[in-house]
Amino acid sequence: PAAPLAEAAGRGPLCALALVRGGREDLRALKRRLDLFLAHADGLMAERGKGLMHTGPQAQGSHYLMYVWAAAAEAAAELPEAEAARYRRAIIDHLMQCRRADGSFLDNAVLGPNPATALALQTLHPPYGAR
């Protein structure tokens, strides 16, 4: 059976980032959410390229993959560089699985490459991407 919270793990880093910036949580909580996100990344990536949404075992959908990678990269950028680098490498490794031969990115076949490529470029560009 699927691990608990696998579907919600994609939203965890963004929610934790909002709580950190609002003074309600600390960076340890943010790291826990990033760890949970990465633990379920392969399950999220299994939805890559699908046209139908919410077809994963816990209703994961391909239409928000690039969004959650961008949010996770932004969350990781809040951490000290030595800690952020580990998350950034994993985020970029997964993100690059969505890269197509023409250089564009695609997470959802219905939405097409334009929004996915824009989010991928945002994710790869500093301060979130490679430094």
Consider only side-chain heavy atoms of I, L, V, M, F, W and Y, link residues closer than 4.5 Å, and tell whether Leu121 and Met96 are in one cluster. no
Check side chain to side chain contact (heavy atoms under 4.5 Å, CB included) between Arg86 and all other residues, then give those that pass, not counting sequence neighbours. Asp35, Arg89
What is the distance from atom CG of Leu124 to atom CZ of Arg88, rounded to the nearest 0.5 Å? 11.5 Å
Is there a side-chain contact between Cys98 and Leu106, using heavy atoms and a 4.5 Å cut-off? no
Measuring from atom CG of Leu34 to atom CD1 of Ile91, what distance do you get when rounded to the nearest 0.5 angstrom? 6.0 Å
Restricting to side chain to side chain contact (heavy atoms under 4.5 Å, CB included), what partner residues turn up for Arg28, sequence neighbours left out? Asp26, Arg32
Summary of salt bridge (Lys or Arg N to Asp or Glu O under 4.0 Å) pairs that have at least one residue in residues 65-79, sequence neighbours excluded: Arg21-Glu74, Arg21-Glu78
Is a side-chain N or O of Arg33 found less than 3.5 angstrom from the main chain of Ala29, in a donor-acceptor match? yes
On a heavy-atom basis, the closest approach of Ala84 and Ala76 is CB-O, 3.2 Å
With heavy-atom distances below 4.5 Å as the criterion, would you say the side chains of Leu27 and Pro80 are in contact? yes
Would you indicate whether the side-chain heavy atoms of Met66 and Asn108 approach each other to under 4.5 Å? no
Would a 4.5 Å heavy-atom cut-off, applied to side chains only, mark Phe37 and Arg11 as touching? no
Quick check: closest heavy atoms across Pro13 and Ala75, and the distance to 0.1 Å? O-CB, 3.7 Å
Quick one: are Leu14 and Val68 in side-chain contact, heavy atoms under 4.5 Å? no
Check whether any side-chain heavy atom of Leu65 lies under 4.5 Å from a side-chain heavy atom of His94, and answer yes or no. no
Under 4.5 Å between any side-chain heavy atoms of Phe105 and Arg100, yes or no? no
Return the CG to CD distance between Leu30 and Glu25, rounded to the nearest 0.5 Å. 8.5 Å
State, yes or no, whether a side-chain contact exists between Asp107 and Tyr67 at a heavy-atom distance under 4.5 Å. no
If you compare all heavy atoms of Leu119 against all heavy atoms of Ala70, which two are closest, and at what distance to 0.1 Å? CD2-CB, 4.1 Å
